[in-house]
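Before any comments, here is the structure.
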Amino acid sequence: MRRTGLQMLSPFGRAAMAALVMFTGLVAARSQSPFYDAPASLADGPPGSLVRQEPMDGAPLGASSYRVLYRSTGLKGEPILVSGVVIVPRGPPPLGGRPIVAWAHPTSGIVPRCAPSLAIFLFQQIQGLRSMVARGYIVAATDYPGLGTPGPHPYLVGESEGRAVLDIVRVARDLPGAGGVKNFALWGHSQGGQAVLFAGQLAPTYAPDLHLLGVAAAAPATDLATLMSDDINSVGGKNITAMTLWSWHRVYDAALDGVVDPRALPVIDRLARECIEGPFDIFIRQRTERPLQQYFLTVPDPTKREPWRSLLERNSAGTLPAGVPVFLAQGTVDQIIRPAVTRAYMGRLCKTGSPVKMLTLPNIGHGRAAQASTMAAVNWMTDRFAGKPAPNDCGG
């Protein structure tokens, strides 16, 4: 059997780079199109309102799918435009309408052309899409701000991601003919896990017109300081840190002086321009990243330096409103999101009254966490839509 590029890496290399792999198969991105270009004046309007849509081919089970451009809210409260995809099951909506699942994707890159809505095999990469469509759910998948639409993308900025997730739920609810209702659930992996947890935190105040029934997250990025400090010596960790530094320098005006070796800056810029779409991209990024093995940071632990320390804390997931059910999935051999970190986050949720279902995935690393937990997550969300009592592993 021919070995794939990912299989040819060492076990440690596979674990480290898996954090950066959004897709399980080879994926090529379409070129940017005029669809994503719009004057800033079009951003004025209610968050979650639709600016434009265009049909897409390839959704499973005859579902209709649309690339959408919609309004959201930027980090300074300003109106912005965000892109994404909405998938609607075939046929007329049932009596009572269709519930909505918002899928939040893992890292795909940090420049506009890395938007998931540009990926040829997008529908194969939304974990559980076929099952969700078969059960009659509308699926809404944001690109996040700065992916598709003009950047910079606020990478691992929880509030930015969370607002974009909630606003595409509004788009899906109001899409003509879709039959969407206000009941929704959230489902995300890695960066997307962070996104849905922040969306869950924000929902009561940012989107009181919606009704959140549950949040499902596979290997979510919760404690960003631990994520950065634990992984800084791995290939995947250096990639994540480089993307975070590049993005936050632009969106927060956080200075790189005194933190990054000047020789590393061109390498970070090259990494920022590379999308993560398939195994071949792993080799490209590994080659690009190689100089960072010799020179990268000028401090042993940037998580202890301001403003990075405060920014990491601000973008680490907090607890959800008491009573909101949560599903967590975590691989036992994840080298990026350590199992102990997810367990600690579960403990915080339990203390504040969230019923938590924790699924442990033996011998599963970071990249496969969503794939390995998909059916459990979809079944869990189905039970939330059906009004069943939420399972709780929090104990007494």
Side-chain angles (χ1 to χ4, degrees), residues 22-24 27 29-30 35-36 48 50-61 63-72 81-89 98-109 112 114-135 137-149 153 160-175 178 180 184-200 207 210 215-218 220 275-277 370-371 374 377-378 381:
M22 176 181 172
F23 302 133
T24 56
V27 178
R30 294 185 180 94
F35 178 85
Y36 298 86
L50 183 67
V51 173
R52 64 172 67 125
Q53 66 184 71
E54 65 179 16
M56 301 177 68
D57 295 326
L61 302 176
S64 300
S65 56
Y66 306 93
R67 184 178 287 112
V68 296
L69 189 69
Y70 63 97
R71 299 177 178 93
S72 190
L81 296 176
V82 181
S83 56
V85 175
V86 176
I87 302 102
V88 181
R98 293 182 171 117
I100 299 164
V101 175
W103 161 254
H105 66 83
T107 300
S108 65
C114 299
S117 66
L118 287 167
I120 292 174
F121 295 126
L122 166 68
F123 301 116
Q124 289 83 351
Q125 313 312 324
I126 297 176
Q127 297 297 327
L129 176 61
R130 188 178 185 89
S131 295
M132 291 187 287
V133 168
R135 298 179 193 205
Y137 308 152
I138 300 172
V139 179
T142 182
D143 286 332
Y144 309 136
L147 297 176
T149 51
H153 166 48
S160 169
E161 298 162 349
R163 289 170 173 171
V165 168
L166 293 170
D167 284 328
I168 202 170
V169 173
R170 287 168 160 152
V171 172
R173 178 196 60 190
D174 297 334
L175 196 68
F184 75 106
L186 300 168
W187 167 223
H189 173 212
S190 192
Q191 180 188 4
Q194 178 200 33
V196 296
L197 291 171
F198 266 87
L210 300 173
V215 179
C275 301
I276 302 157
E277 300 165 351
Q371 182 185 37
T374 290
V378 172
M381 290 186 287

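Nothing here was measured: the structure is a model prediction, and the numbers come from that model.
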Check: At what distance, to the nearest 0.5 angstrom, does CG of Leu118 lie from OH of Tyr36?
Finding: 3.5 Å
Next item on the list: For the residue pair Phe123 and Val85, establish whether any side-chain heavy-atom pair is separated by less than 4.5 Å.
Entry: yes
Checklist line | Pairwise side-chain contact, Val133 with Ile87, heavy-atom cut-off 4.5 Å (strictly under) | finding: yes
Notebook entry, point to check: Can you name the nearest heavy-atom pair linking Gly148 to Ser83, along with the distance?
Noted result: CA-OG, 3.8 Å
Next item on the list: Would you indicate whether the side-chain heavy atoms of Val378 and Met132 approach each other to under 4.5 Å?
Entry: yes
Check: Is there a donor-acceptor pair under 3.5 Å between the side chain of His153 and the backbone N or O of Pro112?
Finding: no
Check: In Å and rounded to the nearest 0.5 Å, what is the CG to OG1 distance from Asp143 to Thr149?
Finding: 7.5 Å
Next item on the list: Search all heavy atoms of Ala199 against all heavy atoms of Val165 and return the closest pair with its distance.
Entry: CB-CG1, 4.0 Å
Next item on the list: Classify the side-chain pair Ser108/Tyr144 by whether it contains a donor and acceptor separated by less than 3.5 Å.
Entry: no
Margin query: Give me the atom names and distance for the closest heavy-atom approach of Asp167 to Ser72.
Written below: OD2-OG, 2.6 Å
Item checked: Point-to-point distance, once rounded to the nearest 0.5 Å, from CZ of Phe35 to CD of Gln53 -> 8.0 Å
Margin query: Exactly one of Val68, Leu50, Ile100 should register a side chain to side chain contact (heavy atoms under 4.5 Å, CB included) with Val86. Which one does?
Written below: Val68
Notebook entry, point to check: What distance do His189 atom NE2 and Gln127 atom CD have between them, rounded to the nearest 0.5 Å?
Noted result: 8.0 Å
Checklist line | Those residues that, when tested against Arg173, pass salt bridge (Lys or Arg N to Asp or Glu O under 4.0 Å) (two or more places apart) | finding: Asp209
Item checked: His105 NE2 to Thr142 OG1 distance, which is reported to the nearest 0.5 Å -> 6.5 Å
Checklist line | Counterpart residues, side-chain contact (heavy atoms from CB on, under 4.5 Å), relative to Arg98 (two or more places apart) | finding: Val88, Pro89, Pro93, Pro94, Ile138
Checklist line | Check: Ser65 side chain, Met56 main-chain N or O, donor-acceptor pair, under 3.5 Å | finding: yes
Item checked: Side-chain (Tyr137) to main-chain (Ser131) donor-acceptor, under 3.5 angstrom -> no
Margin query: Minimum heavy-atom separation for Ala217 and Gly193, please, with both atom names.
Written below: CB-CA, 4.0 Å
Checklist line | Atom pair CD/CZ of Gln124 and Arg130 - distance to nearest 0.5 Å | finding: 10.5 Å
